[in-house]
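The structure appears right after this line, and notes come after that.
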Amino acid sequence: MFRRREAVPFAFVAEADRFRSNVAPPPRLRPSASQLAGRTLIGLTVVAGLVGSLLFGLPALESPVSPKAPSQAQQSENR
């Protein structure tokens with residue numbers, strides 16, 4: 001009987017699925033205290049800018065009170 005041999009490219013692909021590298025990546029460097037402080041300050045600045053723009057923008061988003069419907073105080077003055 002003939003023994004069936006796999007072609008080289010298919011064997012390589014089949015082995016590629018279970019291939020594990022024995023080379024470990026270098027360890028991640030921990031940020032220094034000044035880098036942490038800088039990131040924190042940048043984050044706080046961004047958040048403060050968003051909150052400030054929201055506080056200054058809310059009055060502009062409010063709809064003006066229309067004087068079409070007289071209030072009860074105005075009705076009592078007219079009587």
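Quick note: numbers below take in every heavy atom, side chains included, and nothing from hydrogens, waters or symmetry partners.
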Could you list the donor-acceptor pairs under 3.5 angstrom formed by side chains in residues 56-64, with sequence neighbours left out?
none

What pairs of donor and acceptor atoms, side-chain ones from residues 25-35 against any protein atom, are under 3.5 angstrom apart with sequence neighbours left out?
unit_1, atom_1, unit_2, atom_2, d
Ser32, OG, Ser34, OG, 3.2
Ser32, OG, Gln35, N, 3.4
Gln35, OE1, Ser32, N, 3.1

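Among residue pairs with one or both ends in residues 38-49, none qualify as side-chain hydrogen bond (donor to acceptor under 3.5 Å, both in side chains); sequence neighbours excluded.
Val47 shares a hydrophobic cluster with Val51, Leu55; the chain of contacts runs through ILVMFWY side chains whose heavy atoms sit under 4.5 Å apart.
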